[in-house]
Student: 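Have a look at the structure that comes next, please.
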Amino acid sequence: MLHNNTSDVLRSEQLDQTLRMVVDSSEWTNAISKQGERAIRVAILGCSVSAGCGAEDSNPTECSFKHSWGSQLASWLDGFPSVRFNVQIWARRAVKPEYFKACTDRFVSRADVVMLEFQPVLQADSMQRISEELEDIVAAVRRAAPRAPIVVVGWRSLSSSARGRAGSCETALKTSALHLGVDLVLSGTLLPLVGNLSLYARDRIHPNTLGSEVLAQAVARLVARHTVDAMCSSTRMHLGTLQPRLPQTTSPRVDEKEWCTEDARSLPAVHTNGWSLVNEGGSGQASKYGYLSTTADDYLKPLSFNVSAMLPGVTCAVLRGSLLYEQSWRPSAGDFYVWCSGSCLCTQLPGGWAKGSDPFPHVTAHLPSLGATITSTTRFNIRYGVGDFSKYCFLHVKHIKRIKSSQRNTTRVRIDGLNLEVLDCRSLCFALLRPMHVSMVSSMIGEFGRGCAVGYREGKPGHLGPSCLQNTSNATDARSVCVKTLAKY
């Protein structure tokens with residue numbers, strides 16, 4: 001077993017009970033092959049557990065990266081002979097996997113191994129939704145780092161609101177891990193093995209100092225087993241023939257172009273009347289910046305962002321906007337209204353399901369069943385480049401009063417970020433194929449997006465669109481392509 005400065009909590013055979021090793025051995029062989037040149041880069045994407053919240057026993061209400069399981073993992077891996085590891089942690093309090101889905105390459109593009117930790121914020125979701133969210137983030141990671149093996153790390157929340165859902169969440173994680181071909185480490189299997197030892201902070205959600213170390217031990221055990229297997233594997237001599245899970249191209253596809261904000265400080269805000277830029281997290285990597293409104297007032301100007309400032313050079317595109325906001329079970333969580341003006345038009349995603357998953361334009365941040373406070377996302381379509389081209393595109397957010405509430409004037413709304421991406425072929429085709437009598441807006445979006453894609457092929461400045469529609473000559477041709485495209489899914 002690996003060593004660090006603290007005593008071993010569990011034996012190797014006990015730790016093995018927490019592991020599900022699914023990843024193909026060739027992926028780990030490829031990752032470990034870098035050890036002769038440099039340290040193996042391990043990237044951790046996660047929520048508050050990875051941010052070290054509750055991990056420092058002397059200050060359990062704060063987040064301490066120094067005491068997080070990722071930092072403890074780095075200490076355990078330091079003891080591995082002949083192989084060096086470099087662990088980098090990207091974590092935010094109360095964020096779901098979708099937070100890292102946008103512009104994923106900035107977190108993992110140089111990683112040899114990627115670890116995902118989100119169980120506490122997933123326990124409130126249905127098994128189907130958990131599977132969908134895991135599939136989405138794994139796909140995003142594989143686009144950005146196609147050769148990196150992926151490990152899903154689960155820390156079971158024992159809070160009163162989420163405890164009963166832990167079992168179904170872990171079942172969904174196990175099923176999805178097998179389906180997606182990713183490794184899995186679950187803390188739930190550790191609990192019966194530690195006896196009367198307390199692994200939790202006072203909130204019963206986050207690991208304390210010992211819990212962080214035990215989780216790190218289990219993950220280190222998985223890395224150690226894969227590393228030994230990879231170093232001994234005869235496939236190492238054939239690394240040159242290994243193929244990444246997804247095809248690599250010399251340049252990014254047009255429908256994968258995206259623009260992201262690191263946090264609210266980088267949002268191009270032009271009107272902030274009644275809104276304040278606040279940090280409601282900790283310092284450093286634990287920070288949580290957002291624009292906060294505590295007054296629902298019809299007479300205040302909305303919070304406004306200059307979307308054009310995020311899209312230099314773009315003149316024609318159908319975009320998917322993702323607005324990040326605080327969602328909470330607390331009664332103080334308010335409502336807000338979203339709309340666009342200028343040279344763009346924002347509309348709700350097509351399909352009846354979108355009203356539940358991505359409310360627009362009226363968004364309610366209060367969700368009593370959530371049992372937590374998290375950064376959530378609502379998505380919408382943007383036709384960029386309509387109307388007067390001389391105008392900028394603006395996105396507006398207005399904190400509004402609740403229709404039925406005794407607290408309608410004392411609610412709060414916090415906006416945490418905005419991400420944009422060119423609508424992919426599947427989404428644009430779905431819009432284009434919707435009959436006009438069902439959704440005129442969707443049909444118009446589809447045809448507008450086709451025009452932008454053709455413009456890109458013709459070399460028109462600032463035109464962007466999915467590659468599948470760039471060679472279509474008319475709407476009928478585009479529909480034929482889309483029927484074939486959607487038949488693949």
Side-chain angles (χ1 to χ4, degrees), residues 1-12 14-15 17-18 42 44-79 85 87-95 115-123 151 153-163 166 169-170 185-223 279-288 371-374:
M1 175 176 280
L2 301 172
H3 298 276
N4 80 349
N5 295 328
T6 58
S7 60
D8 294 350
V9 177
L10 296 167
R11 298 187 303 276
S12 296
Q14 292 176 308
L15 292 172
Q17 297 179 41
T18 71
V42 179
I44 296 174
L45 311 185
C47 57
S48 53
V49 170
S50 294
C53 298
E56 186 176 2
D57 290 345
S58 61
N59 197 6
T61 61
E62 297 297 323
C63 300
S64 170
F65 275 80
K66 179 181 178 181
H67 294 83
S68 69
W69 72 269
S71 294
Q72 297 292 343
L73 173 65
S75 297
W76 280 93
L77 295 179
D78 278 345
F85 291 89
V87 178
Q88 187 166 25
I89 305 169
W90 301 93
R92 287 290 186 272
R93 301 175 71 163
V95 296
M115 299 183 176
L116 308 173
E117 175 277 310
F118 296 101
Q119 184 177 341
V121 294
L122 293 177
Q123 282 186 206
V151 181
V153 179
W155 177 263
R156 178 185 293 184
S157 170
L158 297 182
S159 69
S160 57
S161 60
R163 186 170 187 170
C169 179
E170 288 166 5
V185 179
L186 290 177
S187 73
T189 55
L190 288 171
L191 299 183
L193 306 178
V194 297
N196 296 323
L197 292 175
S198 175
L199 304 182
Y200 283 82
R202 287 200 302 252
D203 60 13
R204 305 293 290 163
I205 299 173
H206 302 99
N208 58 16
T209 301
L210 181 60
S212 296
E213 170 144 347
V214 167
L215 183 58
Q217 269 190 274
V219 178
R221 174 65 179 171
L222 179 137
V223 174
N279 176 14
E280 297 192 319
S283 59
Q285 287 183 293
S287 62
K288 193 75 174 284
T373 299
I374 66 171

Student: May I ask you to test the W69-V153 pair for a side-chain heavy-atom distance under 4.5 Å?
Tutor: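 Yes, at least one pair of side-chain atoms sits under 4.5 Å.
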Student: Can you sort out the partners of Q119 under side chain to side chain donor-acceptor pair (under 3.5 Å), two or more places apart, ordered by chain and number?
Tutor: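 In terms of side chain to side chain donor-acceptor pair (under 3.5 Å), with neighbours along the sequence ignored, Q119 is linked to Q123, E170.
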Student: Could you give the distance from OG (S58) to NE2 (H67), rounded to the nearest 0.5 Å?
Tutor: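 Reported to 0.5 Å precision, the distance equals 6.5 Å.
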Student: Tell me, please, which residues at least two apart from S71 pass side-chain contact (heavy atoms from CB on, under 4.5 Å).
Tutor: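 Listed in chain order: S68, I89.
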Student: How would you list, by chain and number, every residue that makes a ring pair (Phe, Tyr, Trp, His ring centres under 6.0 Å) with F85, sequence neighbours excluded?
Tutor: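 Ring pair (Phe, Tyr, Trp, His ring centres under 6.0 Å) check on F85 returns nothing, list empty.
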Student: Do the side chains of I374 and V95 get nearer than 4.5 Å, heavy atoms only?
Tutor: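 A side-chain contact under 4.5 Å is absent here.
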Student: Does any N or O in the side chain of N208 come within less than 3.5 Å of the main-chain N or O of A55, such that one atom is a donor and the other an acceptor?
Tutor: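 Looks like no, no N/O pair under 3.5 Å.
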Student: Return the SG to CG distance between C53 and D203, rounded to the nearest 0.5 Å.
Tutor: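 CG of D203 is found 9.0 Å from SG of C53.
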Student: If the condition is side chain to side chain donor-acceptor pair (under 3.5 Å), which residues does S187 pass it with, not counting sequence neighbours?
Tutor: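 Testing S187 for side chain to side chain donor-acceptor pair (under 3.5 Å), a comparison that skips the adjacent residues, returns none.
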Student: Can we call the ring centroids of W155 and Y200 under 6.0 Å apart?
Tutor: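 When the ring centroids of W155 and Y200 are compared, they turn out to be within the sub-6.0 Å range.
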Student: For the residue pair G70 and I44, what are the closest heavy atoms and their distance?
Tutor: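 Minimum heavy-atom contact is CA-CD1, 3.7 Å.
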Student: Evaluate V223 against M115 for side chain to side chain contact (heavy atoms under 4.5 Å, CB included), listing each step before the verdict.
Tutor: CA-CA 11 Å; V223 174; M115 299 183 176; 3.6 Å; yes
Student: For the residue pair E117 / S50, report whether a side-chain donor-acceptor contact shorter than 3.5 Å exists.
Tutor: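 Checked: S50/E117 side chains pair up, N/O donor to acceptor below 3.5 Å.
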Student: For T209, enumerate each residue passing the side chain to side chain donor-acceptor pair (under 3.5 Å) test, keeping only those at least two apart in sequence or located in another chain.
Tutor: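 T209 satisfies side chain to side chain donor-acceptor pair (under 3.5 Å) with D57 only.
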Student: Can you find a pair of side-chain heavy atoms, one from R93 and one from C47, that are under 4.5 Å apart?
Tutor: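 No, every pair of side-chain atoms sits at 4.5 Å or beyond.
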Student: For residues V185 and V151, determine if any side-chain heavy atom of one lies less than 4.5 Å from a side-chain heavy atom of the other.
Tutor: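 When only atoms from C-beta onward are counted, V151 and V185 do touch, with a gap below 4.5 Å.
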Student: Taking the side chain as everything from C-beta on, heavy atoms only, tell me whether S157 gets closer than 4.5 Å to R204.
Tutor: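 Not touching, per the 4.5 Å side-chain cut-off.
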Student: Looking at every non-hydrogen atom in both residues, tell me the closest pair between A216 and Q72 and how far apart they are.
Tutor: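 So the minimum-distance heavy-atom pair works out to CB-CB, 3.5 Å.
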Student: I need the S75 OG to Q217 CD distance, nearest 0.5 Å.
Tutor: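 One gets 12.0 Å once the value is rounded to the nearest 0.5 Å.
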Student: For the pair W76 and E213, evaluate side chain to side chain contact (heavy atoms under 4.5 Å, CB included) and give the outcome as yes or no after the intermediate values.
Tutor: CA-CA 9 Å; W76 280 93; E213 170 144 347; 3.5 Å; yes
Student: Partners of E56 by salt bridge (charged side-chain N to carboxylate O under 4.0 Å, His left out), sequence neighbours excluded?
Tutor: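 Here no residue qualifies.
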Student: Grab the two heavy atoms, one from L210 and one from S198, that are nearest each other, plus how far apart they are.
Tutor: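 Nearest pair, atom of L210 first, then S198: CD2-O, 3.9 Å.
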